[in-house]
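Below is one structure, written out as structure tokens; the observations come after it.
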2 protein chains.
Amino acid sequence: MFIRTPADLGAAIRDRRKSLGLSQSELAKRVGVGRQWLVAVEHGKPGAELALVLRVLDAINMPLMTGAPPPAAIGASDINLDAIIASARGDAS
Amino acid sequence: MFIRTPADLGAAIRDRRKSLGLSQSELAKRVGVGRQWLVAVEHGKPGAELALVLRVLDAINMPLMTGAPPPAAIGASDINLDAIIASARGDAS
DNA sequence: GTATAATGTCCTCGAACGACGACATGAGGG
DNA sequence: CCCTCATGTCGTCGTTCGAGGACATTATAC
């Protein structure tokens with residue numbers, strides 16, 4: 001999943017939290033933040049602090065990655081390796 | 001590249017900014033933030049606001065993605081597809 | 001030697017953050 | 001019915017953010 005806005009990230013976090021069977025309170029305590037803060041972040045709070053967000057992602061085991069922009073293609077083909085890998089590993093997300 | 005800390009992100013941003021031939025002042029103006037803020041972020045400022053960081057990533061065309069955690073392996077092998085893909089697309093930058 | 005640009009640091013200021021407690025709602029279980 | 005849990009919202013408080021200006025340093029060019 002691609003993250004372009006705080007809301008995107010919030011949705012991703014929520015999905016993952018639920019799929020892990022955690023409540024907001026639990027995750028908040030585990031990460032060391034206020035429950036209310038987590039609520040706001042899952043709703044796409046734009047002013048959330050970077051470090052805390054990264055701590056959440058780490059707590060729910062959600063790797064965040066960045067790379068060069070999609071150079072359109074590697075050779076000349078249009079195969080989307082990311083998509084292939086993603087589905088292959090069963091990222092139902 | 002994997003982002004686990006604000007410093008990781010800062011380094012990635014700096015690398016990309018330079019590879020685009022932009023100065024801090026230029027990028028800051030383009031993103032709509034103070035130059036000083038950008039300096040801090042590139043140094044790994046932990047309290048940086050999420051939305052602004054995302055705006056920077058967008059400005060330098062640096063997609064951010066997240067997915068399910070590496071389930072260790074797809075079949076039973078240990079091949080690291082992420083690494084393979086990454087190098088294949090020449091993310092050396 | 002003198003400009004010019006890029007980067008990093010220090011300062012103040014108003015605004016927003018995150019923590020915490022309290023309360024309301026909705027879903028289930030006793 | 002009552003009770004518990006999960007979630008969302010409101011208000012208060014101390015802390016920190018981001019903007020903007022000023023100055024130092026280094027490197028490049030005139």
Side-chain angles (χ1 to χ4, degrees), chain A residues 1 3-64 66-69 92-93, chain B residues 1-64 66-69 91-93:
Chain A
M1 176 170 187
I3 306 299
R4 311 194 59 164
T5 70
D8 287 345
L9 193 59
I13 290 175
R14 161 159 288 191
D15 284 355
R16 182 127 191 88
R17 175 178 61 78
K18 289 198 164 179
S19 92
L20 289 180
L22 291 170
S23 71
Q24 292 175 337
S25 312
E26 278 217 55
L27 180 54
K29 189 190 299 183
R30 181 179 301 193
V31 177
V33 298
R35 181 181 68 90
Q36 146 72 329
W37 176 85
L38 188 53
V39 173
V41 167
E42 289 191 350
H43 281 271
K45 185 185 190 74
E49 289 191 12
L50 181 58
L52 297 181
V53 173
L54 291 179
R55 286 234 301 272
V56 171
L57 293 180
D58 201 61
I60 59 183
N61 200 27
M62 242 190 148
L64 194 62
T66 182
S93 83
Chain B
M1 175 170 188
F2 279 74
I3 306 299
R4 310 196 61 166
T5 70
D8 288 345
L9 193 59
I13 289 175
R14 160 159 289 192
D15 284 354
R16 183 130 193 84
R17 175 178 61 77
K18 289 198 165 180
S19 91
L20 289 180
L22 291 169
S23 72
Q24 292 175 338
S25 312
E26 278 218 54
L27 180 54
K29 189 191 297 182
R30 181 180 297 193
V31 176
V33 297
R35 179 182 70 88
Q36 145 70 341
W37 177 84
L38 187 54
V39 173
V41 168
E42 290 191 350
H43 281 268
K45 185 186 190 74
E49 287 193 12
L50 181 59
L52 297 182
V53 172
L54 291 178
R55 286 234 301 274
V56 171
L57 293 180
D58 201 60
I60 59 183
N61 199 27
M62 242 191 147
L64 195 62
T66 182
D91 72 335
S93 70

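When reading the values below, keep in mind they use all heavy atoms of this one structure, side chains included, and skip hydrogens, waters and symmetry mates. Here is how names work: the chains are called A, B, and so on, in the same order as the sequence lines, proteins then strands, and each is numbered from 1.
Nucleotide C:dC11 holds its P atom 23 Å from the CH2 atom of B:Trp37, rounded to whole Å. Rounding to whole angstrom units, CG of residue B:Leu38 and P of C:dT9 are separated by 13 Å. Atom pair B:Arg17:CZ and C:dA5:C1' shows a separation of 13 Å (rounding to whole Å applied). As a whole-Å value, the separation of B:Glu42 CD from C:dA6 P is 14 Å.
For C:dG18, its base never sits under 3.5 Å from the side chain of A:Arg35 at any donor and acceptor pair.
Taking side-chain N and O atoms only, B:Lys18 has no distance below 4.0 Å to OP1 or OP2 of C:dA6. Taking only side-chain nitrogens and oxygens, B:Arg14 never comes nearer than 4.0 Å to OP1 or OP2 of C:dA6.
For the atom pair A:Leu50 CG and B:Thr5 OG1, the distance stands at 8.5 Å (nearest 0.5 Å). Note that the NE2 atom of B:His43 and the CG atom of B:Leu38 stand 9.5 Å from one another [nearest 0.5 Å]. Here the straight-line distance linking atom CG of A:Asp8 with atom CG of B:Leu54 works out to 8.5 Å at 0.5 Å rounding. Atom-to-atom distance recorded for B:Gln24:CD and B:Lys18:NZ is 8.5 Å, nearest 0.5 angstrom.
Counting non-hydrogen atoms under 4.0 angstrom, A:Ala48 reaches the backbone sugars and phosphates but no base. Residue contacts shown for A:Glu49 are limited to sugar-phosphate atoms, with no base heavy atom under 4.0 Å away.
Along DNA chain D, the stretch of nucleotides lying under 4.0 Å from any heavy atom of chain B spans, 5' to 3', D:dC17 to D:dA22.
Checked options A:Arg14, A:Arg16, A:Arg35, A:Arg17; the residue passing with A:Leu27 is A:Arg17 (criterion: side chain to side chain contact (heavy atoms under 4.5 Å, CB included)).
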Stepwise, does the side-chain contact (heavy atoms from CB on, under 4.5 Å) test hold for B:Met1 with B:Asp15?
CA-CA 12 Å; B:Met1 175 170 188; B:Asp15 284 354; over 6 Å; no

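Nearest nucleotide to the side chain of B:Gln36, out of C:dG18, C:dC10, C:dA6: C:dC10.
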